[in-house]
Amino acid sequence: MTDVTPLRSVLYMPSSNERALEKAKSIACDGLILDLEDAVAPDAKPAAREQAAAAASSGEYGRRTVTIRVNGIGTEWHDDDIVAAAQAGPAAVVVPKVNSAEEVHALVAALEKAGAPDHTRLWAMVETPEAIFNVREIAAASERLAVLVMGTNDLVKELYAEHVPGRAPLLTSLSLSLLAARAAGVQILDGVYNDVKDDEGFLAECTQGRQMGFDGKTLIHPGQVAPANEQFAPSPEAVEDARGLIQAWEDGRGSGVVTYKNKMVENLHVESARRTLAIHDAVQALEG
Ligand SMILES: CC(C)(COP(=O)(O)OP(=O)(O)OC[C@H]1O[C@@H](n2cnc3c(N)ncnc32)[C@H](O)[C@@H]1OP(=O)(O)O)[C@@H](O)C(=O)NCCC(=O)NCCSC(=O)C[C@H](O)C(=O)O
Ligand SMILES: [Mg+2]
């Protein structure tokens with residue numbers, strides 16, 4: 001089974017924004033991405049790097065999975081970002097625009113050379129056409145790689161596509177990346193929703209992401225956290241049904257066909273129900 005560490009809501013924040021870094025200590029998101037890339041202006045990058053490293057090693061973010069997003073491979077900031085992030089020892093280093101398994105190998109080698117502790121994983125962003133064609137190899141390239149993160153803004157830009165309700169232009173890329181994540185047994189996070197005032201559109205996109213199989217969603221604003229937490233956790237009805245289905249299966253063992261609420265139950269349904277309960281328990285433990 002894929003790791004069930006809850007990552008329902010993973011909030012980006014500019015590492016140059018001290019107020020946001022402070023505020024994040026009280027935001028109920030499952031994870032934080034302290035950004036050094038797109039959200040930080042070139043002049044602000046050295047100071048942001050120091051602030052992100054200090055925040056990630058501070059221990060002040062409680063249960064949240066704290067990660068640092070470095071600048072992309074080949075940029076003038078990348079090497080220094082990797083060293084600073086590795087030494088800060090966050091839960092993960094998030095790397096944008098990872099295009100191949102070879103890049104994953106090089107990133108892992110660089111993190112290890114810089115002294116990254118074992119608990120610091122690699123999260124690879126999938127956000128270019130080349131990455132989509134290589135996503136299966138990327139997802140399976142290293143034990144250190146724990147999560148794929150969709151970069152839907154960059155994907156839309158690279159495809160000359162448009163952001164539309166239902167995301168038809170992105171469905172091929174989203175589905176291929178999901179298949180790759182599941183085949184490799186790593187987690188996968190959906191991309192961001194840019195209109196921070198459009199609650200209805202955001203909710204629809206969370207529902208779509210959950211139905212497709214994403215483990216959670218990346219976010220850009222604190223107001224998106226609560227709906228994402230709700231959408232990506234099993235609902236009370238789903239938990240009740242999972243328990244009922246497992247009970248029906250155990251009661252009916254040896255009697256041939258088992259049904260629950262008039263629907264056929266097979267071992268695969270029981271496995272899905274157990275996964276639902278495992279996620280529910282993990283969320284309860286996190287929130288408890
Ligand atoms: C989108 C924003 C620029 C909106 O900012 P603002 O207008 O200041 O919002 P509010 O006034 O509603 O803010 C209310 C308070 O919440 C704090 N806040 C806002 N955003 C965050 C945040 N992300 N993390 C923590 N705290 C946040 C404000 O400081 C206010 O606090 P207070 O003053 O105490 O009341 C802004 O939300 C923002 O900058 N968001 C993050 C943008 C970002 O990180 N972008 C880069 C990643 S997205 C991406 O590109 C993904 C991928 O690469 C792709 O290609 O798709
Ligand atoms: Mg991007």
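Indexing begins at 1, ligand by ligand and atom by atom, following the structure's order.
In this structure, of Lys23, Arg69, Lys97, Met125, the residue bringing a heavy atom nearest to atom 30 (C) of ligand 1 is Lys23. Distances from atom 18 (N) of ligand 1 to the heavy atoms of Ala20, Pro222, Gly223, Gly191 show the closest one on Pro222.
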For this session: Go through the steps to decide whether His269 and Trp249 satisfy the test side-chain contact (heavy atoms from CB on, under 4.5 Å), and finish with yes or no.
Result: CA-CA 10 Å; His269 302 114; Trp249 176 257; over 6 Å; no
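With a 4.0 Å heavy-atom cut-off, ligand 1 is reached by the backbone of Asn153 and by its side chain too. Using a 4.0 Å cut-off between heavy atoms, Asp154 contacts ligand 1 through both its backbone and its side chain. With a heavy-atom cut-off of 4.0 Å, Met150 does not touch ligand 1 at all. At a heavy-atom cutoff of 4.0 Å, ligand 1 is contacted by the side chain of Leu11 but not by its backbone.
What sits closest to atom 46 (C) of ligand 1 on the protein, heavy atoms only, is Asp35 OD2, 3.6 Å. With respect to atom 45 (N) of ligand 1, the closest heavy atom belonging to the protein is Ala39 CB, 3.7 Å. The protein non-hydrogen atom at the shortest distance from atom 34 (O) of ligand 1 is Arg19 NH2, 3.1 Å. Nearest non-hydrogen protein atom to atom 9 (O) of ligand 1 is His221 NE2, 3.4 Å. Ranking protein heavy atoms by distance to atom 39 (O) of ligand 1, first place goes to Pro14 CG, 3.8 Å. Given atom 50 (O) of ligand 1, the protein heavy atom at minimum distance is Asp38 OD2, 3.6 Å. Atom 38 (C) of ligand 1 has Ile220 O, 3.8 Å as its closest protein atom, hydrogens excluded (heavy atom only).
At most 12 non-hydrogen atoms from other residues, nucleotides or ligands lie less than 6.0 angstrom from CD of Glu200. For Asp118, the CG atom counts as loosely surrounded, since its 6.0 Å shell holds 12 or fewer non-hydrogen atoms of other residues, nucleotides or ligands.
For the pairing with Asn71, the side-chain hydrogen bond (donor to acceptor under 3.5 Å, both in side chains) check across Glu37, His78, Lys45 returns one residue only, Lys45. Partner of Val149 under the side chain to side chain contact (heavy atoms under 4.5 Å, CB included) criterion, chosen from Thr218, Val192, Val10: Thr218.
Classification of Asp241 and Lys263 as a salt-bridged pair fails, no side-chain N sitting under 4.0 Å from a carboxylate O. Contact check on Arg49 versus Asp79 returns no salt bridge, with no Lys/Arg side-chain nitrogen under 4.0 Å from an Asp/Glu carboxylate oxygen. Ion pairing between a basic and an acidic side chain is recognised when a charged N comes within 4.0 Å of a carboxylate O; Lys261 and Glu237 show no such pairing.
Interface of Gly151 with ligand 1, defined as ligand atoms under 4.0 Å from a residue heavy atom, comprises 52 (C), 54 (C), 55 (O), 56 (O). With ligand atoms numbered from 1 in the order given, ligand 1 contributes 52 (C), 53 (O), 54 (C), 55 (O) to contacts under 4.0 Å with heavy atoms of Glu127. Every atom of ligand 1 with a heavy atom of Thr152 under 4.0 Å away is listed here by number and element: 54 (C), 56 (O).
Side-chain polar atoms of Gln224 and Ser9 form no donor-acceptor pair below 3.5 angstrom.
For Asp154, the N/O/S atom at the shortest distance from the Mg ion (ligand 2) is named OD2. No other N/O/S atom of Glu127 lies as close to the Mg ion (ligand 2) as OE1 does.
Within 4.0 Å of atom 5 (O) of ligand 1, not a single protein heavy atom is present. For atom 2 (C) of ligand 1, the protein comes within 4.0 Å by no heavy atom at all.
Distances between N or O atoms of Glu37 and those of ligand 1 include no value under 3.5 Å.
Side-chain atoms of Gln231 never come within 3.5 Å of backbone atoms of Lys217 as a donor-acceptor pair (strictly under, hydrogens ignored). Checking side-chain atoms of Asp215 against main-chain N and O of Leu7 turns up no donor-acceptor pair under 3.5 Å. The backbone N or O of Leu111 sits nowhere less than 3.5 Å from a side-chain atom of Arg144 that would complete a donor-acceptor pair.
Residues Ser100 and Glu137 have side chains not in contact (no heavy-atom distance under 4.5 Å, counting atoms from C-beta outward).
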